[in-house]
Amino acid sequence: MGSRGRQPERKKANAAVIGGVVAVVVLGAGVSAYALFSGDSDRTTAADDKPRIKTGPVTAAEVRTAADRFLTAWAAGDTAKAAAATDDATAATAALTSYGKDAHLSGVKLTPGKRAGAKMPFAVSATVAYGGKSKPFAYGSELTVVRRVKDGKPLVGWQASVVHPDLKDGDRLVTGAAGDPPIKATDRSGNELTAAEYPSLGTVIDGLREKYGKKAGGTAGIELRVVHKDSGKESEHTPDKTLVTLSKGTPGTLRTTISPTSQAVAERQVAKREKAAVVVIKPSTGEILAVANSRPEGFNTALQGSLAPGSTMKIVTSSMLLEKNLAGVDKKHPCPKYVTYGGWKFQNDDKFEIKDGTFRASFARSCNTAFISQAKELEDGDLTKQAQEVFGLGRDNWSIGVPSFDGAVPVQSQAQMAASLIGQGGVRMNPLNMASVVATAKTGEFKQPYLVSPEFDHRTLATASRKLSPSTVSALRDLLHYTAVAGTAVEPMSGLGTDMGAKTGSAEVDGQKEPNGWFTAWRGDLASAAVVQQGGHGGDSAGPVVRQMLLAGD
């Protein structure tokens, strides 16, 4: 693990609903000029008996009244009145208009649920109609009541998720001819992949459809879908999501590199954990065999995550030190309790030290100071060059078949440069990146990971400008293998044979009690990496996940 030391009486009010239901639709961006509260408070007056601006938590009665004012106005089709009941009338007006015009939703009704503080959940039912076809559409959402600072008035806090829980600011609901034809994504053996069987592949299949729907030969249908705001960066892009299909298009078939065996194991492993993500690839080809996240409906951390990788980054750093003759596997190498560089005092986990030890011992025990001590011998851009030129990281040019983040190793100086040597500072990675790193260490040559063969669309995969020398490859394999049999990775790698190696890691995150746990390893022609956020030591949290992936085979 990388670490451093530096010395209220309530009024009753009944909801005003129409026949037990109210029409509702919303979309827009929230604003921050309002204080969010829950609970009750009393009205206060000044000494001259003039009413003061009401402050404090919104009362239960205020929540019900504000929510009903908004929902009832909407039910009556009074867009202006409904928008005025929110804290962002401009955004609300645009959203309420778009709901009918773009999403083609009508007959919207809502059943309020049980209030929870300042929040009011509700169930929505509507009809989506387009091109002579229609279908019912139902889902749950919620709104939050806030108190306006300038006058204390309770209003509905405007945010896109009031319309639908999948919406974020800038997203829209749209009904019409789908921009991309549906696809039938298959595994490497030709069997169909579905989100029902493999939940983590839901967003992956959406991404594949967006990129390859037309190329795969399908024809578009008519759908109600979530159209996400374009961030302009592929690494941050979320594929559009279909909510209702009014008429099915004809799907094209697209074969992927996914192994059904590996994917099934990956799904089981992440499901057991709160915030885990894992990737498995073949070092010899770069084929991605499995991708899984504990929260499959959310952000794809496995492919798009941007997290400090902690000591797993020492694989990249070690390759650089070996090439620069700043370290040798069995050469003496300092591992003191503390090292100061750039004004920061760095230390090892539990402040351990290795007296008269070798670089092998320091790598196996993940000694931070053994790496920080070499910062004075390096130029600011050395690690960035090593990551880009050898491991293919940080160039924003990977084309795996769906949106991905290719890692980041920015040029830094002073203490931040030193911290980057142990996977902290500005270094950012995800399991895909770190699986690729250990695969490159094993083979000596970067092979860009991919989900769809480049032969399908004749795209050019990313490459690295140079390979590792045979001697450096041999040394890295030795270090990683020793860590797996006599270092911090022993328990997860026990009994996995001789052709294997691993590296543990944990990365501190401001505001977290426990660091993120990382583990990356290879066995034969399999390479895997996992992260468990707030998992603590990587060998304990992420290690068991990777172990099962290496046992699963391909």
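Just so it is clear, the structure is predicted and the values come from calculations on it, not from any experiment.
In this structure, the separation between CG on L321 and CG on L421 is 7.0 Å, given to the nearest 0.5 Å. Taken to the nearest 0.5 Å, the OG1 atom of T443 stands 9.0 Å off from the NZ atom of K467. With rounding to the nearest 0.5 Å, the separation of CZ in R466 from CD in E445 is 13.0 Å. Considering CG of N368 and CD1 of I422, their distance stands at 4.0 Å, rounded to 0.5 Å. Atom-to-atom distance recorded for K442:NZ and R477:CZ is 5.5 Å, nearest 0.5 angstrom. Atom CH2 of W518 is separated from atom OG of S506 by 11.5 Å, given to the nearest 0.5 angstrom.
In this structure, a donor-acceptor pair under 3.5 Å is absent between the side chains of Q512 and E508. There is no side-chain donor-acceptor pair under 3.5 Å between E323 and S469. If you check the side chains of T261 and S259, you find no donor sitting under 3.5 Å from an acceptor. A donor-acceptor pair shorter than 3.5 Å cannot be found between the side chains of E274 and Q534. A donor-acceptor contact under 3.5 angstrom links the side chains of S311 and S366, judged on distance only. A donor atom on one side chain and an acceptor atom on the other are not found under 3.5 Å apart for E389 and S465.
Ring geometry for F363 versus F371: interplanar angle of 30 to 60°, hence tilted. In this pair, H164 and Y139 present their aromatic rings tilted. The plane angle is within the 30 to 60° band.
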Would you check, one step at a time, whether the test side chain to side chain contact (heavy atoms under 4.5 Å, CB included) holds for Q448 with T463? CA-CA 7 Å; Q448 187 221 281; T463 59; over 6 Å; no

Steps toward side chain to side chain contact (heavy atoms under 4.5 Å, CB included) verdict (L193, D187): CA-CA 6 Å; L193 297 168; D187 62 30; 3.8 Å; yes

Where do D180 and Y212 land on the side chain to side chain contact (heavy atoms under 4.5 Å, CB included) test, with the steps shown first? CA-CA 8 Å; D180 304 300; Y212 295 107; over 6 Å; no

Stepwise side chain to side chain contact (heavy atoms under 4.5 Å, CB included) test for V204 and T256: CA-CA 11 Å; V204 172; T256 74; over 6 Å; no

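Listed for the N430 side chain is a donor-acceptor partner under 3.5 Å among the backbone atoms of L303. Judged by distance alone, with hydrogens and angles left aside, the side-chain atoms of R273 form no donor-acceptor pair with the main-chain N or O of V532 at under 3.5 Å. With D406 contributing its side chain and N397 its backbone, the two residues share a donor-acceptor pair below 3.5 Å. Put simply, the side chain of D102 never gets that close to the backbone of L173: no donor and acceptor are under 3.5 Å apart. Under a 3.5 Å cut-off, the side chain of S306 and the backbone N or O of R428 do not form any donor-acceptor pair. With hydrogens and angles disregarded, no donor-acceptor distance shorter than 3.5 Å links the side chain of S436 to the backbone of L432. Not a single donor-acceptor pair under 3.5 Å links the side chain of T317 to the backbone N or O of K314. Without hydrogens or angle criteria, T504 side chain to G538 main chain gives no donor-acceptor distance under 3.5 Å. At least one donor-acceptor pair closer than 3.5 Å links the side chain of R547 to the backbone N or O of S494. In this structure, S98 contributes its side chain and A94 its backbone to no donor-acceptor pair below 3.5 Å.
Of all heavy-atom pairs spanning A419 and G425, the tightest one is CB-N, 3.7 Å. Of all heavy-atom pairs spanning L476 and L468, the tightest one is CD1-CD1, 3.8 Å. Nearest heavy atoms, A464 versus F446: N-CD2, 3.7 Å. Looking at every heavy atom in both residues, A435 comes nearest to V279 through CB-O, 4.2 Å. Across all their heavy atoms, T257 and L289 have their closest contact at O-CD2, 3.6 Å. Between S161 and S141 the shortest heavy-atom distance is O-OG, 2.9 Å.
You'll find the side chain of Y198 stays beyond 4.5 Å of the side chain of P296, heavy atoms only. The side-chain heavy atoms of F359 and L479, taken from C-beta on, include a pair separated by under 4.5 Å. Side chains of R255 and S453 form no contact here, defined as non-hydrogen atoms less than 4.5 Å apart. Counting heavy atoms from C-beta outward, Q416 and P410 have side chains that stay 4.5 Å or more apart. Looking at D240 and D206, their side chains never come closer than 4.5 Å, going by heavy atoms from C-beta outward. The side-chain heavy atoms of K135 and L224, taken from C-beta on, include no pair separated by under 4.5 Å. Counting heavy atoms from C-beta outward, M549 and S262 have side chains that approach closer than 4.5 Å. Using a 4.5 Å heavy-atom cutoff, the side chains of W522 and L550 are not in contact.
Applying side chain to side chain contact (heavy atoms under 4.5 Å, CB included) to M429 and the options V531, L307, V409 leaves one that passes, V409. A salt bridge (charged side-chain N to carboxylate O under 4.0 Å, His left out) with E223 is found for one member of R209, K241, K248 and no other, namely R209.
Between D382 and K324 there is a salt bridge, since a side-chain N of the basic residue sits under 4.0 Å from a carboxylate O of the acidic one. One finds a salt bridge joining R188 and E287 here, because a Lys/Arg side-chain nitrogen approaches an Asp/Glu carboxylate oxygen to under 4.0 Å.
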